[in-house]
Amino acid sequence: MAEKAYGLLINYEFCTGCGTCEMACSVEHDIPIGRYGIQMATIGPWQIDKKNWQLDTVPIPTDECDLCAKRVEKGKKPTCVKHCQSLCMEYGPVDELAAKLASATTKHVLFVPKAGTTAKQ
């Protein structure tokens, strides 16, 4: 079977920074406190101009992330995607996610964790 890259497309304009993805991942994989499969990063706050501020929260997969390989093998979504409260995370083949990213009108980031580069189609 051909290898196909998989990843996460995250609309960080709508991420609320709730941390549910971090918690769900830690519980799913029994990751010890202080380590993460996905971790929230905050950008800002700082004032850009008189009307606009920079303040975003972005969930970032770490090398601990295996894109929930066991869940995905069973046809389920990765636990971070399943439990995302703002529904701003998508899982799928990188080429499909990149096509969505190309037409996005809000702030997105496409992550391909280390594990995503070896997923089987």
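This is a predicted model, so every value here is computed, not measured.
When the side-chain contact (heavy atoms from CB on, under 4.5 Å) test is applied to Thr42, the partners found at least two apart in sequence or on another chain are Leu55, Thr57. The side-chain contact (heavy atoms from CB on, under 4.5 Å) check on Ile48 picks up Trp46, Asn52, Gln54, with sequence neighbours excluded.
Counting side-chain heavy-atom gaps under 4.5 Å among Ile, Leu, Val, Met, Phe, Trp and Tyr, Met40 is found in no cluster with other residues. Taking a 4.5 Å side-chain heavy-atom cut-off between Ile, Leu, Val, Met, Phe, Trp and Tyr, the cluster of Val27 extends to Met23. Other cluster members for Val94: Leu9, Leu97, Leu101, Leu110, Val112, joined by side-chain heavy-atom distances under 4.5 Å among Ile, Leu, Val, Met, Phe, Trp and Tyr.
Residues Ile38 and Ile43 share a hydrophobic cluster, clusters being chains of Ile/Leu/Val/Met/Phe/Trp/Tyr side chains in contact below 4.5 Å.
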Residues 68-82, side-chain donor-acceptor partners within the protein, below 3.5 Å, at least two apart:
{"unit_1": "Arg71", "atom_1": "NE", "unit_2": "Lys77", "atom_2": "O", "d": "2.7"}
{"unit_1": "Arg71", "atom_1": "NH2", "unit_2": "Lys77", "atom_2": "O", "d": "3.1"}

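Every pair passing salt bridge (charged side-chain N to carboxylate O under 4.0 Å, His left out) that includes a residue from residues 40-56 is listed here, sequence neighbours excluded: Asp56-Lys107. Residue pairs meeting the side chain to side chain donor-acceptor pair (under 3.5 Å) criterion with at least one member in residues 93-102, sequence neighbours excluded, are Glu90-Lys100. Among residue pairs with one or both ends in residues 19-39, those qualifying as side chain to side chain donor-acceptor pair (under 3.5 Å) are Arg35-Glu64; sequence neighbours excluded.
Scanning all heavy atoms of the two residues, the minimum distance from Leu8 to Pro61 falls at CD1-CG, 3.8 Å. The minimum heavy-atom distance between Ser86 and Cys15, with the atom names listed, is OG-CA, 3.9 Å.
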**Q.** Candidate pair Tyr91 and Met89, rule side chain to side chain contact (heavy atoms under 4.5 Å, CB included), full reasoning
**A.** CA-CA 7 Å; Tyr91 166 80; Met89 300 176 78; over 6 Å; no
Q: Test Val58 against Val109 for side chain to side chain contact (heavy atoms under 4.5 Å, CB included), laying out the working first.
A: CA-CA 9 Å; Val58 183; Val109 65; 4.0 Å; yes
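When Cys18, Cys21, Cys25, Cys88 are each tested for a side-chain contact (heavy atoms from CB on, under 4.5 Å) with Pro59, only one passes: Cys21.
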